[in-house]
Amino acid sequence: MSKKLTSRAEDYSKWYNELVVKADLAENSAVRGCMVIKPYGYAIWEKMQAELDRMFKETGHQNAYFPLFVPKSLFEAEEKNAEGFAKECAVVTHYRLQNDPDNEGKLRVDPEAKLEEELVVRPTSEAIIWNTYKGWIQSYRDLPLLINQWANVVRWEMRTRLFLRTAEFLWQEGHTAHETRTEAITEAETMNNVYATFAEEFMAIPVVQGLKSESERFAGAEETYCIEALMQDGKALQAGTSHFLGQNFAKAFDVKFTNKEGKQDYVWATSWGVSTRLMGALIMTHSDDQGLVLPPNLAPNQVVIVPIYKTDEQLEQITDVVNGIMKDLRAKHITVKFDNRTTHRPGAKFAQHELQGVPLRIAIGARDLENGTVELARRDTLTKETVSLESLIEKVEGLMVEIQDSLFNKALDFRNSHITEVENFEEFKSVLKEKGGFISAHWDGTIETEDKIKEITKATIRCLPIDGELVEGVCVYSGKPSKRRVLFAKAY
RNA sequence: CGGGGUGUAGCGUAGCCCGGUUAUCGCGCCACGUUUGGGACGUGGAGGCCGCAGGUUCGAAUCCUGCCACCCCGACCA
């Protein structure tokens with residue numbers, strides 16, 4: 001393995017791919033488009049899961065689990081949803097293999113074992129879930145139904161990239177049912193807020209909350225809320241979506257309830273999800289040419305301690321001091337790892353922990369034992385300082401917060417300086433080409449204009465920002481009247 | 001799925017155009033010794049169906065065909 005990463009300036013996408021593999025987050029597998037998430041990468045995902053799961057439960061949701069397979073007849077019930085996903089579905093047609101009589105030692109699909117009805121491997125679970133909900137909901141007393149599931153889904157993508165787009169990915173999908181339109185809309189908004197809070201407070205990724213334009217909307221949704229993040233290369237990444245589904249699924253699956261007036265009505269629905277794609281967002285927001293940079297709130301190890309010693313006696317003395325430090329840090333709920341491997345030298349350990357984004361590194365050697373100090377190194381700034389043992393714990397505790405804030409603020413400054421207002425199409429094109437990032441521009445609200453802009457520039461409408469003011473103007477492309485600015489960007 | 005490119009040891013590669021001894025080099029790996037405050041050094045060693053399958057040939061990493069995977073650019077997409 002070569003020691004250095006390709007730099008971001010040299011080739012951003014190569015840098016990303018190398019980083020994912022070298023930091024031991026994930027690798028490609030023998031299965032087309034499907035990745036193996038390695039223990040270190042999975043540990044980060046588990047931290048994300050734990051926080052999100054806590055937030056879902058705090059907002060009243062419960063977890064459940066629905067099948068991987070969806071009978072084709074159920075899948076096709078909600079027309080728009082089915083149409084939207086049809087082109088990327090894996091389908092199970094048989095249930096048995098047999099020895100191949102023409103090919104010794106090989107197996108073949110048993111032609112006798114054809115399924116009566118094909119099973120679609122879920123690209124999303126609305127169909128099977130709504131078919132189930134039909135049996136769970138009779139009265140307004142059964143509502144709201146607030147369910148989340150952690151699952152894998154399969155979308156047969158043409159071009160895949162580790163974490164950003166894989167044929168199989170892990171995610172959570174919330175599926176809720178409500179009495180009223182208003183209540184469902186509030187739910188969709190609440191969950192989009194949860195995503196925004198999670199992104200900003202835990203991932204240290206600033207996001208724009210907004211609404212999708214009609215053409216970018218989820219297949220089967222009436223309204224799609226989203227959080228959009230900006231990556232270091234100036235491209236946008238849709239980091240999470242929350243959909244108001246209206247009564248589309250209730251009607252498709254005949255989910256009716258008796259309301260307080262004793263009348264039958266269809267329930268109102270939402271669905272919302274974030275995926276392992278968030279790992280990609282995390283990497284592309286903070287990391288540098290030395291490797292991964294993790295915000296303390298998501299780092300599997302927040303602190304790593306590297307001993308520097310010449311003799312076994314020295315290592316023993318250091319270990320005694322380190323045990324005390326670890327005990328004190330853990331009492332403050334700081335996760336710490338003592339890297340006392342005898343098989344690697346300090347320099348190699350430094351490099352590895354930098355590559356893997358450990359927020360703080362403590363080095364302690366004979367010199368420190370004499371002076372009652374340690375060397376403290378920050379991953380985000382790559383700065384080092386000598387700290388006395390007495391002040392260490394407090395210092396580390398403070399740095400956990402400071403690093404988290406600093407990463408967010410740095411990303412926020414970058415994002416804010418890459419939202420550019422433009423007034424005409426020439427400006428639009430030149431900003432997109434020269435600077436990248438989000439372009440705030442007036443749009444006439446038509447799909448035709450949106451398509452045309454996409455065709456010419458590859459930029460799409462990322463969202464209609466929720467906190468955006470309604471200031472009238474003229475469309476940057478058509479010159480027709482516009483009620484508000486929207487955000488355009490090239491996207492992942 | 002369309003256009004372009006690349007597949008040689010765990011990783012990065014030379015050789016391929018112009019077929020011919022035992023497939024090159026570096027990193028990594030293993031053993032021993034010396035080392036340890038930023039990716040150690042020395043000596044010795046192991047590791048290859050040259051992406052896979054078929055073909056041409058006395059002979060294929062090298063030529064031909066098909067397939068697969070990966071990368072880049074499009075289309076699609078969270």
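Order of the sequence lines fixes the chain letters, A, B, ..., with proteins taken first and strands second; residue numbering starts at 1 for each chain.
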Please pick, from [options], the nucleotide with the shortest atom-to-atom distance to any side-chain atom of [X].
X	options	result
A:A351	B:A75, B:G37, B:G39	B:G39
A:I308	B:G38, B:C76, B:U36	B:U36
A:R159	B:G74, B:G38, B:C71	B:G74
A:F350	B:A40, B:C76, B:G38	B:G38

Base-pairing assignment for [N] (Watson-Crick or G-U wobble, both under 3.5 Å):
N	result
B:G39	none
B:C29	B:G45
B:G7	B:C68
B:C1	B:G74

Got a donor-acceptor pair under 3.5 Å from the side chain of [X] to the base of [N]?
X	N	value
A:R345	B:G37	no
A:Q352	B:G39	no
A:K384	B:G38	yes

Notebook entry, point to check: Taking NZ from A:K310 and P from B:U36, how many angstroms apart are they, rounded to a whole number?
Noted result: 5 Å
Check: Is A:S13 touching bases, backbone alone, or none of the nucleic acid, heavy atoms closer than 4.0 Å?
Finding: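 Sugar-phosphate, backbone atoms only, no base.
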Note to self: Assess whether a salt bridge exists between A:E354 and A:R361, defined as any Lys/Arg side-chain N lying under 4.0 Å from an Asp/Glu carboxylate O.
What the structure shows: yes
Note to self: Parallel, tilted or perpendicular: which one describes the rings of A:H61 and A:F56, with boundaries at 30° and 60°?
What the structure shows: perpendicular
Item checked: Whether A:H243 and A:F218 hold their rings parallel, tilted or perpendicular, with breakpoints at 30° and 60° ->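 Taking A:F218 first and then A:H243, their aromatic rings lie parallel (interplane angle under 30°).
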Next item on the list: State whether A:K14 places a side-chain N or O below 4.0 Å from either non-bridging phosphate oxygen (OP1 or OP2) of B:U6.
Entry: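 A:K14 to B:U6 OP1/OP2: no side-chain N or O under 4.0 Å.
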Checklist line | Spacing of the P atoms in B:C30 and B:C72 (rounded, Å) | finding: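 Each nucleotide's P atom is 33 Å from the other's.
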Next item on the list: Could you pick out which residue, A:N17 or A:F85, lies toward the 5' side of RNA chain B when each is mapped onto its nearest nucleotide?
Entry: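 This one resolves to A:N17.
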